[in-house]
K.L.:
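Can you keep this structure in mind? I'll have questions shortly.
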Amino acid sequence: MRHATYYTCLLLFAVALGLAAWQGGGWWVAVVVFGLLSALGTSDVMQKRSTLRRNYPILAHFRFGLESIGPEMRQYFIESDTAETPFSRDQRALVYQRSKAINDTRPFGTLQDVYGADYEWINHSLLPAHPESHNFRIMIGENSAQPYSASVFNISAMSFGALSANAIRALNQGAKLGGFYHDTGEGSISPYHRENGGDLVWEIGSGYFGCRDDKGGFDLEKFIANARDPQVKMIEIKLSQGAKPGHGGVLPAAKVSAEISATRGVPMGVDCVSPAQHSAFRTPIELLQFVARLREASGGKPTGFKLAIGHPWEWFGIAKAMHETGILPDFIVVDGAEGGTGAAPAEFVDHVGVPMHEALMLVHNTLVGLDLRGSLRVGAAGRITSAFDIARTMAMGADWCNAARGFMFALGCIQSQSCHTDRCPTGVATQDPSRWRHLDVPDKATRVAHFHQNTLKALRDLLAAAGLEHPGQVGPEHILRRISQIEVRSLAAIYRFLEPGDLLRKLPDHAVFRDFWAEARSDSFAPPDRVRRMRDSKAW
């Protein structure tokens, strides 16, 4: 339908141009222009490399042409190349270049203000290293029956429903080609996740999609049926996500298609509800018992949870439950407030949750302080697109990184920010088949694999320049941040890392530990008595 509309507009434009040319005696000009535009439009519809051109023949070239003029208008034409709202033009260009396996080098010099506050860099060595491979991996669940060797860079949680069928197909095929994992998101495992056989991490949210009973509670038998699929490598319980922690959501009944119904295990014609909290557990100890239960039921696959940090005493309660019970997840994924989502209230996107850097540091320091850090793995997600983003995140305590929007860019996303409207122009975040069917799966899968591989090659070169062989060796002393024009600090000085066992011996002189650690409880997520008293008396 859109193609017919555009060609109608093209015809009207050509007719108008022809009339004008006829009046001027140059009717042949109109014929030439019409022929050229028709050829261009036909070429756009027939090619498969650009979904935008297939969905918007001819008009897409106006966007490409204006973009090439320079950073003069918003996003492409107003903002500077380095303005991150939420991703800068430079960041997107880097992903596009690496996903297409074209030259990603830059001329002349940096566009960064190296003397501006918050500028960061990694110190290099006069004795560069020579890593043998860029295929950096980390073993997760070493003590479980089915440990998993994961890449240090993977696809973060994005559900079928939020993304289109072809987007899911391309991501999973790209993961298969590149040897990394694809997180399903809480919308469960769709048929499109299974087609190409890429490694899956099954994310289970509060709606228990794919493993729920008729009342919306957890169903063990349905869980076993999905979890023991060999394609599923790990189980991830989603406690909260960065962009809208503590919110939940509703998919209206009108949008619950036959595919969504079958994938999520919900009836058609009824609102599909993701509650704000889980019903399978109510306390930190019960959460860990649920982790152990799923690990056993899956046949011993690595099982953990993802969370965005909010009230620190709640995380401290989970940490204390680990220490007291000895029940440990195989991994924890820390999601930051800068994370993305298909749709969320503006206040949640802008003002709820702890940003990833501070959240990761709190989780890492707590585990180190309890002498548990070596017993489980920690992943992190939150606006990661480059090798430096990965190196910095791992320097702060992560064992691996996940990215969602970076891989969306690899699929062709142009950051139109229309994910919630079902009108995504590139067919990535829409359920409209007239849009997503033009996303060419083999081509985009190759781009996904290229982005992953070329980013890890850049990480290898970055680490080699710093004299390191593996990203697990990068530490907070390697990354420096400018505080002001005359002050620079390493991440080690900024974040004050705990020493192993500190929380077992003394109360560290950190405000958050000093204020909330002692009264955090392993048997309740409720605020400590002191916090409630101070709230009631407003004595903050």
K.L.:
Before we go on, tell me: are the rings of F160 and F209 under 6.0 Å apart, centre to centre?
P.N.:
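When the ring centroids of F160 and F209 are compared, they turn out to be at least 6.0 Å apart.
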K.L.:
Could you tell me whether the side chains of D330 and Y148 share a donor-acceptor contact shorter than 3.5 Å?
P.N.:
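Absent: no donor and acceptor within the cut-off.
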K.L.:
Looking at V333, V334, V152, which hits side-chain contact (heavy atoms from CB on, under 4.5 Å) with N402?
P.N.:
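Answer to the side-chain contact (heavy atoms from CB on, under 4.5 Å) test with N402 among V333, V334, V152: V333.
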K.L.:
Any chance the rings of H364 and F497 have centres within less than 6.0 Å?
P.N.:
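Yes, close enough.
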K.L.:
Does any N or O in the side chain of Q231 come within less than 3.5 Å of the main-chain N or O of H193, such that one atom is a donor and the other an acceptor?
P.N.:
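Present.
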K.L.:
Pairing donors with acceptors under 3.5 angstrom, does anything connect the side chains of S386 and D389?
P.N.:
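The answer is yes; a qualifying pair exists.
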K.L.:
Mind listing the closest non-hydrogen atom pair of K222 and C211 along with its distance?
P.N.:
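Smallest heavy-atom distance, with atoms named: CB-CA, 3.8 Å.
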K.L.:
Do side-chain atoms of N196 reach the backbone of R169 as a donor and acceptor pair under 3.5 angstrom?
P.N.:
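Checked: pair present.
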K.L.:
One thing to verify: whether D229 and K301 come together as a salt bridge, which I'm taking to mean a side-chain N less than 4.0 angstrom from a carboxylate O.
P.N.:
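Looking at D229 together with K301, the answer is no, because their closest N to O distance does not fall below 4.0 Å.
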K.L.:
Does D461 come within less than 4.0 Å of K457, counting only side-chain N to carboxylate O?
P.N.:
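No, D461 and K457 are not salt-bridged.
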K.L.:
In this structure, which one of F136, F180, W400, F451 forms a ring-ring contact (aromatic ring centres under 6.0 Å, His included) with F153?
P.N.:
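For F153, the ring-ring contact (aromatic ring centres under 6.0 Å, His included) check succeeds only for F451.
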K.L.:
Do other residues, nucleotides or ligands put more than 12 heavy atoms under 6.0 Å from K233 NZ?
P.N.:
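Counting neighbours around NZ of K233, more than 12 heavy atoms of other residues, nucleotides or ligands fall under 6.0 Å, so yes.
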K.L.:
With a 3.5 Å distance limit and no angle check, can you tell me whether Q146 reaches the backbone of G299 through a side-chain donor-acceptor pair?
P.N.:
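Yes: the side chain of Q146 pairs with the backbone of G299.
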K.L.:
Do the side-chain N and O atoms of T105 and N103 include a donor-acceptor pair separated by under 3.5 angstrom?
P.N.:
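Yes, N103 and T105 have a side-chain donor paired with an acceptor closer than 3.5 Å.
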K.L.:
Do S88 and D90 meet the criterion of a side-chain donor-acceptor pair at a distance under 3.5 Å?
P.N.:
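Distance-only check fails for S88 and D90.
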K.L.:
Does atom CD of E296 have more than 12 heavy-atom neighbours from other groups under 6.0 Å away?
P.N.:
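No - once you tally the heavy atoms of other residues, nucleotides and ligands closer than 6.0 Å, there are 12 at most.
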K.L.:
If you apply the rule side-chain contact (heavy atoms from CB on, under 4.5 Å), what do you find for R98 with H450, and how did you get there?
P.N.:
CA-CA 6 Å; R98 288 181 172 163; H450 281 164; over 6 Å; no
K.L.:
Could you grab the distance from atom CD1 of I309 to atom OG1 of T366, nearest 0.5 Å is fine?
P.N.:
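It is 7.5 Å, given to the nearest 0.5 Å.
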K.L.:
Do you know which of M158, M408, R435 makes side-chain contact (heavy atoms from CB on, under 4.5 Å) with V428?
P.N.:
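Among the candidates, only M408 passes.
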K.L.:
Say whether S418 and R423, considering side chains only, have a donor N or O and an acceptor N or O under 3.5 Å apart.
P.N.:
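The answer is no; no qualifying pair exists.
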K.L.:
For side-chain contact (heavy atoms from CB on, under 4.5 Å), just list the numbers for L376 and I332, CA-CA rounded to whole Å, side-chain angles, deciding distance to a tenth of an Å, and then say yes or no.
P.N.:
CA-CA 8 Å; L376 65 151; I332 299 171; 3.6 Å; yes
